[in-house]
**Student:** 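Pasting in a structure now, in structure tokens, and then I'll have a few things to ask.
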Amino acid sequence: MNHQELHTTNFPILEFQQNLLTWYKENHRKLPWRESRDPYRIWVSEIMLQQTRVDTVIPYYNNFIEKFPELKDLAEAEPEQVMKAWEGLGYYSRVMNLQTAVKEVRERFDGIVPRTPEGISSLKGVGPYTAGAVLSIAYGVPEPAVDGNVMRVLSRILLIDEDIAKPKTRKTFEKAVRELISHEDPSSFNQALMELGAIICTPRSPACLVCPVQNECRAFAEGRQQELPVKTKKTKVKTVNMSAVIAYDEAGRLIIHKRPETGLLATLWEFPNVEANAVSDTARSNEAQAYIYEQSGAEISIKGKIGYIEHVFSHLKWKIDVWEAEIKKLPDELPEDWRLLSVEDTEKLAFPVSHQKMIKLVKEAILL
DNA sequence: TAACCGTGGGA
DNA sequence: TTCCCAAGGTT
């Protein structure tokens, strides 16, 4: 690459580093994962923070570390207990990958989280951002940790107008960070970029007037901070109509189903549900009844509709009619991924939020 | 590359 | 209500 094309050409790097780091030392938030340099704990926090707000993560992080204080505790835990600790956080493959990865650390790296880019990047669920974050924060390695904050902040400071929605754009910012990063304190430098993005250089109406690096910001100099970063929009989500069934026996036990190992809401428990293709309510309840019999062998009798739930995911939307049913006859043995469960015991298994809403319906509509 | 993979908060 | 978003990774 031609040296003249570098986004950091003629940029006051030392001044920028000093202003950013001084600001960070005096203004950073006290967060639970900042009280430790244990690479395992840093790692857990970074996985939880993926696409998730700090305020949401804090209670999950504290509970997770209480349950699994050290890497070996997570490695040896029952997957269902691990998933229960993640219930409600979303993107559930994150935690299954994390447990897979900590087991790998014990088997391949003698229980020590690897301190090289190649080593840590080979772990399940550790991409370029998380690799750089753990290496820099836990080990002080001067690697870039480019997340959405860093792309927003640097797009403004360096006036970079590449579309940050495009995957290859991240490399542009990694290159810039390699030029800018403090080799004396890579941990604080990377965290400071993200902290600045979270507190000052926010997506809308950035607080430029109190920004510690206002002097070094090319976008502010040109009054263009509102135009950056450039980010193309996503397409609208698809809508799927569903029927879910709350079926119970004389003892009040409910039929539940464990979702497949891969895909949406993998391995979480749910009330049996199918896509609703038929037009009429009667035909839809028949579809649901047939599905449950085919999959589990249970014969049920649907009594009526007890609720309607809408649930929006990142890429689709469920519209769910919830039906109440009595179990008329059970097979000699239910399949492995089907179970009968008392209402109280729903607290022991992990359900997606959409189905937690149904549990609430059960408690309000059926138990009363 | 673009689609898939959750959830809750704020404008 | 609707939209965008929040410390991404995998396929």
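So that the names make sense, note that chain A is the first sequence line, chain B the second, and so on, each numbered from 1.
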**Student:** Are there more than 12 heavy atoms of other residues, nucleotides or ligands under 6.0 Å from atom CG of N277(A)?
**Tutor:** yes
**Student:** Take the protein atom CE of M194(A) and the nucleotide atom C1' of dG8(C), then report the distance between them rounded to whole Å.
**Tutor:** 12 Å
**Student:** Out of F68(A), Y60(A), Y61(A), which one pairs with F64(A) under the ring-ring contact (aromatic ring centres under 6.0 Å, His included) rule?
**Tutor:** F68(A)
**Student:** Residues two or more places apart in sequence or in another chain: which of them pass side chain to side chain donor-acceptor pair (under 3.5 Å) with K84(A)?
**Tutor:** E87(A)
**Student:** Regarding L89(A), tell me which of base, sugar-phosphate or nothing describes its non-hydrogen contacts under 4.0 Å with the strands shown.
**Tutor:** base
**Student:** For DNA chain C, produce a single dot-bracket line, 5' to 3'. Pairs: Watson-Crick or G-U wobble, both distances under 3.5 Å. Symbols: ( ) within strand, [ ] crossing, | other strand, . unpaired.
**Tutor:** .|||||.||||
**Student:** Less than 4.0 Å between a side-chain N and a carboxylate O, is that true for D185(A) and K25(A)?
**Tutor:** yes
**Student:** So W318(A), base contact, sugar-phosphate only, or nothing? Heavy-atom distance under 4.0 Å.
**Tutor:** nothing
**Student:** Side chains of residues 309-316 of chain A: which donor-acceptor partners sit under 3.5 Å, not counting sequence neighbours?
**Tutor:**
{"from": "E310(A)", "atom 1": "OE2", "to": "Y308(A)", "atom 2": "OH", "distance (Å)": "2.8"}
{"from": "H311(A)", "atom 1": "ND1", "to": "K357(A)", "atom 2": "NZ", "distance (Å)": "3.1"}

**Student:** Check whether any side-chain N or O of H315(A) sits under 4.0 Å from OP1 or OP2 of dG6(B), and answer yes or no.
**Tutor:** no
**Student:** Nearest to the side chain of P203(A), heavy atoms from C-beta on, is which of dA6(C), dC5(C), dG6(B)?
**Tutor:** dA6(C)
**Student:** Remember a base hit wins even if backbone is also touched, and classify V150(A) as base, sugar-phosphate or nothing at under 4.0 Å, heavy atoms.
**Tutor:** nothing
**Student:** Pairs of donor and acceptor atoms involving the side chains of residues 288-303 of chain A, under 3.5 Å and at least two apart or interchain, shall be tabulated with distances.
**Tutor:**
{"from": "Q289(A)", "atom 1": "NE2", "to": "I300(A)", "atom 2": "O", "distance (Å)": "3.2"}
{"from": "S296(A)", "atom 1": "OG", "to": "I292(A)", "atom 2": "O", "distance (Å)": "2.7"}
{"from": "S296(A)", "atom 1": "OG", "to": "A298(A)", "atom 2": "N", "distance (Å)": "3.1"}
{"from": "K303(A)", "atom 1": "NZ", "to": "Y248(A)", "atom 2": "OH", "distance (Å)": "3.3"}

**Student:** Kindly say if T130(A) contacts the phosphate of dG9(C), meaning a side-chain N or O under 4.0 Å from OP1 or OP2.
**Tutor:** yes
**Student:** If you compare every side-chain N and O of R152(A) against the phosphate oxygens of dA6(C) (OP1, OP2), does one of them come in below 4.0 Å?
**Tutor:** yes
**Student:** Could you pick out which residue, L316(A) or R204(A), lies toward the 5' side of DNA chain B when each is mapped onto its nearest nucleotide?
**Tutor:** L316(A)
**Student:** Under 4.0 angstrom, heavy atoms only, what part of the nucleic acid is V54(A) near: base, sugar-phosphate, or nothing?
**Tutor:** base
**Student:** Would you indicate, yes or no, if dC4(C) has its OP1 or OP2 atom less than 4.0 angstrom from a side-chain nitrogen or oxygen of K231(A)?
**Tutor:** no
**Student:** In whole angstrom, give me the gap between the P atoms of dC4(B) and dA6(C).
**Tutor:** 23 Å
**Student:** Can you tell which of dG8(C), dT10(C), dC5(B) lies closest to the side chain of S314(A)?
**Tutor:** dC5(B)
**Student:** Counting side-chain heavy atoms from C-beta on, which of dG6(B), dT1(B), dG8(B) comes nearest to R53(A)?
**Tutor:** dG8(B)
**Student:** Between R284(A) and E287(A), does any NZ, NE, NH1 or NH2 come within less than 4.0 Å of an OD or OE carboxylate oxygen?
**Tutor:** no
**Student:** Work out how far the P atom of dC4(C) is from that of dA3(B), and round it to whole angstrom.
**Tutor:** 15 Å
**Student:** With a 4.0 Å cut-off on heavy atoms, is T52(A) in touch with a base, just the backbone sugar-phosphate, or nothing at all?
**Tutor:** base
**Student:** Which class fits the ring pair H257(A) and W338(A): parallel under 30°, tilted 30 to 60°, perpendicular over 60°?
**Tutor:** tilted
**Student:** From C-beta outward on K124(A), which listed nucleotide comes closest to its side chain: dT11(C), dT7(B), dG9(C)?
**Tutor:** dT11(C)
**Student:** Name the closest nucleotide to the H311(A) side chain, picking from dA6(C), dG8(C), dT7(B).
**Tutor:** dT7(B)
**Student:** I'd like to know whether NZ of K171(A) has more than 12 heavy-atom contacts from other residues, nucleotides or ligands below 6.0 angstrom.
**Tutor:** no
**Student:** Are W86(A) and L89(A) side-chain neighbours, meaning at least one heavy-atom pair lies under 4.5 Å?
**Tutor:** yes
**Student:** Reckon I137(A) touches a base, only the sugar-phosphate, or nothing at all at heavy-atom distances under 4.0 Å?
**Tutor:** nothing
**Student:** For residues 268-277 of chain A, which residues have at least one heavy atom under 4.0 Å from DNA chain C?
**Tutor:** none
**Student:** Kindly point out which of dG9(C), dG6(B), dA11(B) is positioned nearest to the side chain of Y129(A)?
**Tutor:** dG9(C)
**Student:** Rounding to a whole Å, what distance do you find between L49(A):CG and dG8(C):C1'?
**Tutor:** 11 Å
**Student:** Expressed as a whole number of Å, how far does the P atom of dG9(C) sit from that of dG8(B)?
**Tutor:** 22 Å
**Student:** How would you list, by chain and number, every residue that makes a side-chain contact (heavy atoms from CB on, under 4.5 Å) with R37(A), sequence neighbours excluded?
**Tutor:** S187(A)
**Student:** OP1, OP2 of dA2(B) versus side-chain N and O of K166(A): anything below 4.0 Å?
**Tutor:** yes
**Student:** For dT7(B) and Y60(A) - does any side-chain N or O of the residue sit under 4.0 Å from the phosphate oxygens OP1/OP2?
**Tutor:** no
**Student:** Heavy atoms under 4.0 Å, any strand shown: does G197(A) hit a base, just sugar-phosphate, or nothing?
**Tutor:** nothing
**Student:** So K317(A), base contact, sugar-phosphate only, or nothing? Heavy-atom distance under 4.0 Å.
**Tutor:** nothing
**Student:** Tell me yes or no: between the side chains of T202(A) and R152(A), is some donor less than 3.5 Å from an acceptor?
**Tutor:** no
**Student:** Tell me: OH of Y91(A) to P of dA6(C), nearest whole Å?
**Tutor:** 13 Å
**Student:** Quick check for you: among dG9(B), dT1(B), dT7(B), whose closest atom lies nearest to any side-chain atom of V353(A)?
**Tutor:** dT7(B)
**Student:** For R259(A), answer base if it contacts any base atom (sugar-phosphate contacts may also be present), sugar-phosphate if it contacts only those atoms, and nothing otherwise; contact means non-hydrogen atoms under 4.0 Å.
**Tutor:** nothing
